[in-house]
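Remarks on the structure that follows.
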Amino acid sequence: MEIIVTPNPEAVGEYAARRIAALIENKPDAVLGVATGSSPVPTYQALERKVRTGLDMSQVSAFALDEYVGLDEGHPQSYAEVVRRDVTERLELDPNLVHVPSGHAHDILAACEDYEAQIREAGGVDIQILGIGANGHIGFNEPSSSLSGRTRVKTLTPKTRKDNARFFDNDLSQVPTHCITQGIGTILDSRVALLVATGEGKADAVAAMAEGPMGAFCPASALQLHRRAVVVVDEAAASGLKNREYYDFVRDHRPDWQVEPQGRDERTVTSAHRRTTT
Ligand code: F6R
């Protein structure tokens with residue numbers, strides 16, 4: 001796991017957007033996995049600035065991580081709407097290439113399987129953008145979720161519903177109790193997992209994810225198994241990390257061959273390395 005500590009949320013967004021843009025420059029039809037919530041907003045804003053100055057995202061496709069179950073179609077807080085506003089429109093993606101799980105399908109289980117099939121047919125996710133819940137969830141895989149689960153219906157914890165009430169006029173009764181989420185197994189299949197976290201409220205979860213034992217009590221700790229997990233945090237979210245000095249050393253001594261290799265798999269990176277070192 002590569003841990004990059006930056007001074008503030010804007011710098012988190014800039015850094016993450018730079019890594020994503022490098023992928024898209026190498027692979028214009030890249031497949032992005034997109035998270036919603038507050039954490040990725042600075043990343044999307046920074047990417048939007050890159051689009052304004054020439055980054056072409058028109059061939060990029062995107063798959064959202066999750067969706068609430070039971071909100072009316074077009075509800076402003078449904079993730080279909082959030083993704084449309086914050087991702088598709090800002091980043092000038094082709095709406096036909098942007099996918100969000102359906103929270104009101106007649107056969108919701110079939111819809112979950114179909115979502116997995118769509119990701120496979122697109123060739124898999126090149127770079128999965130993630131936030132982390134204060135309780136360590138990724139996607140809506142709450143503590144105790146299977147570490148190998150696929151897209152399915154989950155029940156939100158009272159803590160997550162309370163945290164997300166801010167998007168529903170602080171009215172808990174409006175926050176859905178269920179969601180569809182990509183599973184941790186689905187997330188681990190992505191070629192690069194790029195998690196962004198900011199603020200002191202995420203410090204314990206970030207420390208448990210990176211330095212705690214791997215287990216379902218902190219679902220994000222499953223990223224310890226991911227072959228290319230990149231965690232970009234601000235100082236506040238990094239404040240619980242014990243091994244901080246080493247992470248900064250790694251960041252400051254990144255070999256040239258390792259710079260921006262996203263979108264290529266490890267074998268390509270390794271052979272590129274061999275080419276430059278033999
Ligand atoms: C949302 C998602 C969640 C959020 C997490 C953090 O698509 O997958 O895991 O990333 O709840 O939310 P914020 O960023 O609002 O603190």
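This structure is a prediction, so every number in the text was calculated from the model and none was measured. Read the numbers this way: they start at 1 and go in the same order the structure lists the ligands and their atoms.
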Exercise. Please list, chain by chain and in numerical order, all residues satisfying salt bridge (charged side-chain N to carboxylate O under 4.0 Å, His left out) with R161, sequence neighbours excluded.
Key: none
Quiz prompt | Atoms of ligand 1, numbered as shown, that sit under 4.0 Å from any heavy atom of L65 | solution = 8 (O)
Self-check item: Close-contact set for ligand 1 against S38 heavy atoms, below 4.0 Å
Solution: 13 (P), 14 (O), 15 (O)
Residue pair [X] / [Y], side-chain donor-acceptor N/O under 3.5 Å:
X    : Y    : result
H137 : S145 : no
D66  : Q182 : no
R251 : Y247 : no

Quiz item: Under 4.0 angstrom from ligand 1, any heavy atom of R166?
Solution: yes
Quiz prompt | Minimum-distance protein heavy atom relative to atom 10 (O) of ligand 1 | solution = G131 CA, 3.3 Å
Quiz item: So which protein heavy atom does atom 9 (O) of ligand 1 come closest to, and at what separation?
Solution: G139 O, 2.7 Å
Which residue from [options] reaches closest to [atom] through any of its heavy atoms?
atom                    : options                : value
atom 11 (O) of ligand 1 : Q182, E142, K202, H137 : H137
atom 6 (C) of ligand 1  : I187, I132, N135       : I132
atom 14 (O) of ligand 1 : P40, G201, S39, G37    : S39

Under 4.0 Å, heavy-atom basis, I'd like to know which part of [X] is in contact with ligand 1: side chain, backbone, both or neither.
X    : result
D66  : side chain
E67  : neither
L130 : neither

Quiz prompt | Under the ring-ring contact (aromatic ring centres under 6.0 Å, His included) test, residues paired with Y115 that sit two or more places apart | solution = F63
Quiz item: Would you find a donor on one side and an acceptor on the other, under 3.5 Å apart, between the side chain of H226 and the backbone of S190?
Solution: yes
Practice problem: Grab the two heavy atoms, one from A134 and one from K159, that are nearest each other, plus how far apart they are. | Solution: CB-CE, 4.0 Å
